Structures are given as C-alpha cells and as structure tokens.
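Keep in mind the model is a prediction, meaning the values are calculated, not measured.
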Amino acid sequence: MDLKFKVHFALVLLFLAHFGESQTGVFDITKYGANSNADISEALLNAFKEACQSTSPSTIVIPKGTFTMNQVKLEGPCKSPLELQIQATLKAPSDPSQLKVGEWLTVNKLDQFTMSGGGILDGQAAAAWECKKSVKCNKLPNNLSFNSLTNSTIKDITTLDSKSFHVNVNQCKNLTFIRFNVSAPANSPNTDGIHVSRSSSVNITDSNFSTGDDCISVGDETEQLYITRVTCGPGHGISVGSLGGNPDEKPVVGVFVRNCTFTNTDNGVRIKTWPASHPGVVNDVHFEDIIVQNVSNPVVIDQVYCPFNKCNKDLPSQVKISKVSFQNIKGTSRTQDAVSLLCSKGVPCEGIEVGDIDITYSGKEGPAKSSCENIKPSLKGKQNPPVCTATAASAPAASSS
C-alpha cells in the first residue's frame, strides 16, 4: 500500500467517523462542560445551539445525576426534529432573588420537539412560597413554559415544587403530554399543574397531578383540549377558567375530560367565570366517566367566582356557557354540596346535560344536595342527588379558589 493510498484511506476513515457521529445526532451536555458542581445553563445552551443547526434529527442528553440549573430559554426554529432527554434531577435556585422575572425552563418556536427521559425538574420553591406572602416578592417563574410548539410531545417527566405554575402552555398546536407527573404540597400557592391557553389540539393523558391549585386549568382561546386517564389530588380539580376577567378574551371551544379520578381535592370538574365580567364564550365542554373520592365540590359551574371578595357580585357574568355535559360521575363528596350549577342571570347557561350522577355524602347535615341558578339542564339516567328539581337546594354553594 503506497503512501498516497494510505493518506487517502485515512481521510476516508476520518470522514466516515465524523459522518457517523453526526448521524447519531447525540449532544451530551457533559461534553460541553456540564458537571454536578456548577450551573449547567451555559452547557445546555451550547448543546442546543449546535443541535438546533443539525439537518438530521438530534437528541440533547442531560445524563443521570443531580445538576443545578439557572433560567434557560431554548428557542427555535430549528432545522430538524429535536429531543431534549432529561435523565437527571435538575434543581432550580432555591432563593427567588437569584431569578429574573420569567420562566425557569422555556422552550419556544419548535416543531416536532420531544422532551423525555424520566427526569425531574425541582423548583425548590419553599422559600419562594414564603416570599409570596411579601409585597416585595417579584413575579415568580413557572418550572416549564412551552410557547409556539407544534407537533410536539412531553413524556415521562416530573415537575416538582414549582415556584408558580408547573407548566404554562401558550400558542401551541398539536401538543401531547403523556406519563407526565406534577408534585407539590396541598398548601403550595398558585402551583397549577398545567395551564393551557391560546392553544389547540392539546392532549394530556395517563398523567398524575398532586398540587396546591388547579391540577389542570384552561384559559381563553383554547380549542380541542383532551384530558384522559388523569389522576388529581390534592389540588383544586380541573377547571375551565376563571374567564371574563380581561377584555377581548377569545372563546373556549371543545374541552373533553374523560376517565379521570379526583381524590381529596377541593373541586372535581369545574367551569368558573367572574361576575361583572367582560363578554366571553365557553362552548362544547364535556366531563365523562369521572370518579370522585372525598371531593369537596365534585361538579361545579360557578359564574359568581369571586375569591377573597375582590369583585362586584351584584353585576352578572357576561361569559356565555353552552353545550356542556356532565355524564357518569360517581363517588363521594366531602361536603353536602355535591352538584353546584350557578349560572349567570345576565346570560343563563344553555344546552347543559346532566346524566348518571351518583355522589354520596355521609355527614351529619344529611344527604348530598344540589344547587342551581339560571339553568334548566336536560336530565338523564340516575340523579343522586336530585339535580335542579323542586327538591334541590337553591342556595349558592361555597366557592373554593
């Protein structure tokens, strides 16, 4: 073998080695200087920058271990599908003064993005929750924020003790959460599990939520949201709203909550709007095959939602609620108010169906009861307690935040 051939052969081998490496598209942040003794933010950003420019699918790996991470924003568009594989436990700064206003981990403007890996994002929020009691506390960051994602999946991830919302979803289309876990104490303030707004075709399935506020909350301009096989508790339930608090809110259309279980929650399935509100629309919302276990307010429409009495209850909500069904909801209530359907006197609810309700209460006050205002629902199947009948209690039930 002559020298010229040897040189050519060596160059070919180097090219093939480099080509093979680029084809695998794996970007391990430890190769970018990340280690367990320092903030990995810069290493993650550098790995993302290279992966985002790859013309073939790529995977960023945060390997098993425990790492600290400050605020990071990963923003596209990128040239090909990208996966962020979090195998590690990531810890946010525990001191809220170390964080700027914004989110902890933000992912923006990506198509065919995947977050996976079985990892944990620990917001270390105990000091922040105390800080919320002070007027000097800045707006605290959510653990995760997804903005303008399309055709993307978040799976096998746990978010723990977020300083504010665990996840905020905004302006996304065709986004799926599967085997997603949220964990925070029942007394943790404003720690909604997933808040969805201005998004369409969002799926949340086979996931578990334990938190101090709504397990899942739905904001305006949400269309075609599917929630299936979700467990909630502790928490405030699954809530559409609150709506009507801001001008020019877009309609909420198409929310489907099926095969979900609520345990020791303040509410079960709920639609809530402010009194004295701006106009709005809630249409085509369906709660089906729901189990409630020791839930304070299992079935709720609350159009006089007014926490802390900081609103004018004398003026009606202007949010129109229509085409809503509560079907096959069974279990136990922690209070006597098992079903509370309090609609607006300004724009009464229309097209409401209630069928196969079987919720019991064993307290000393007597059996479970319902409360109804400004609503004439279509009733089907079993009604325990009787819903919106002459024997149903008419007094408003207590509202939980």
TODO: Evaluate salt bridge (charged side-chain N to carboxylate O under 4.0 Å, His left out) for D302 paired with K272, printing each intermediate quantity in order.
DONE: CA-CA 5 Å; D302 184 2; K272 54 179 178 172; over 6 Å; no

Can you confirm whether [X] sits close enough to [Y] that some side-chain heavy atom of one is under 4.5 Å from a side-chain heavy atom of the other?
X    : Y    : result
P63  : T30  : yes
L74  : M115 : no
F209 : I204 : yes

Open item on the list: Strictly under 2.5 Å separating the two SG atoms? Check that for C52 and C78, please.
Closed with: yes

TODO: Would you please test D358 and K330 for salt bridge (charged side-chain N to carboxylate O under 4.0 Å, His left out) and show each step?
DONE: CA-CA 5 Å; D358 189 4; K330 300 178 180 180; over 6 Å; no

TODO: Output, in order, the C-alpha distance, side-chain angles, deciding distance and verdict of side chain to side chain contact (heavy atoms under 4.5 Å, CB included) for C388 and I375.
DONE: CA-CA 8 Å; C388 301; I375 182 173; 4.1 Å; yes

Heavy-atom pair with the smallest gap, counting every atom of [X] and [Y]:
X    : Y    : answer
S164 : K132 : CA-NZ, 3.9 Å
E249 : G244 : OE1-N, 2.7 Å
S145 : E103 : CB-CG, 3.4 Å
F326 : V300 : CZ-O, 4.4 Å
P185 : S188 : O-OG, 2.6 Å
S217 : D192 : OG-OD2, 2.9 Å

- [ ] Output all residues satisfying side-chain contact (heavy atoms from CB on, under 4.5 Å) with L99, sequence neighbours left out; order by chain, then residue number.
- [x]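 If we apply the side-chain contact (heavy atoms from CB on, under 4.5 Å) test to L99, skipping adjacent residues, the hits are N70, Q71, P93, P141, K163.
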
- [ ] Please identify each residue that fulfils side-chain contact (heavy atoms from CB on, under 4.5 Å) with P348, with sequence neighbours left out.
- [x] N374

Open item on the list: The test is side chain to side chain contact (heavy atoms under 4.5 Å, CB included); show your working for T335 and D337 and say whether it passes.
Closed with: CA-CA 5 Å; T335 69; D337 300 306; 3.9 Å; yes

Give a yes or no on whether the backbone of [Y] and the side-chain of [X] come within a donor-acceptor separation of less than 3.5 Å.
X    : Y    : answer
S239 : G241 : no
S162 : N143 : yes
W104 : K91  : no
T211 : T191 : yes
T261 : I291 : no
S207 : T205 : yes
T222 : V196 : yes
E373 : L341 : no
D220 : K250 : yes
S210 : A184 : no

Open item on the list: With side chain to side chain contact (heavy atoms under 4.5 Å, CB included) as the criterion, how do N297 and R270 come out once you've worked through the C-alpha distance, each side chain's angles and the decisive distance to 0.1 Å?
Closed with: CA-CA 9 Å; N297 301 285; R270 177 170 62 156; over 6 Å; no

Open item on the list: Angle between ring planes, F256 versus Y226, binned at 30° and 60°: parallel, tilted or perpendicular?
Closed with: parallel

Open item on the list: Parallel, tilted or perpendicular, judged at 30° and 60°: which one describes the rings of F165 and H195?
Closed with: tilted

Task: Charged N-O contact under 4.0 Å between R179 and D156 - done: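 Looking at R179 and D156, the cut-off is met.
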
Task: D356 side chain to N328 side chain, donor-acceptor N/O pair below 3.5 angstrom - done: no

Task: Over 12 foreign heavy atoms within 6.0 Å of NZ, K139 - done: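 More than 12 heavy atoms, drawn from other residues, nucleotides or ligands, come within 6.0 Å of this atom.
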
TODO: Only counting residues at least two apart or in another chain, list the ones meeting salt bridge (charged side-chain N to carboxylate O under 4.0 Å, His left out) with E223.
DONE: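 Here no residue qualifies.
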
Task: The single option from V230, T231, N267, I238 passing side-chain contact (heavy atoms from CB on, under 4.5 Å) against F262 - done: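 The passing option is I238.
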
Task: Criterion salt bridge (charged side-chain N to carboxylate O under 4.0 Å, His left out) on R229 and D206, from CA distance to verdict - done: CA-CA 5 Å; R229 296 188 299 277; D206 295 319; 2.6 Å; yes

- [ ] Would you check, one step at a time, whether the test side chain to side chain contact (heavy atoms under 4.5 Å, CB included) holds for L144 with F180?
- [x] CA-CA 12 Å; L144 285 163; F180 187 80; 4.3 Å; yes

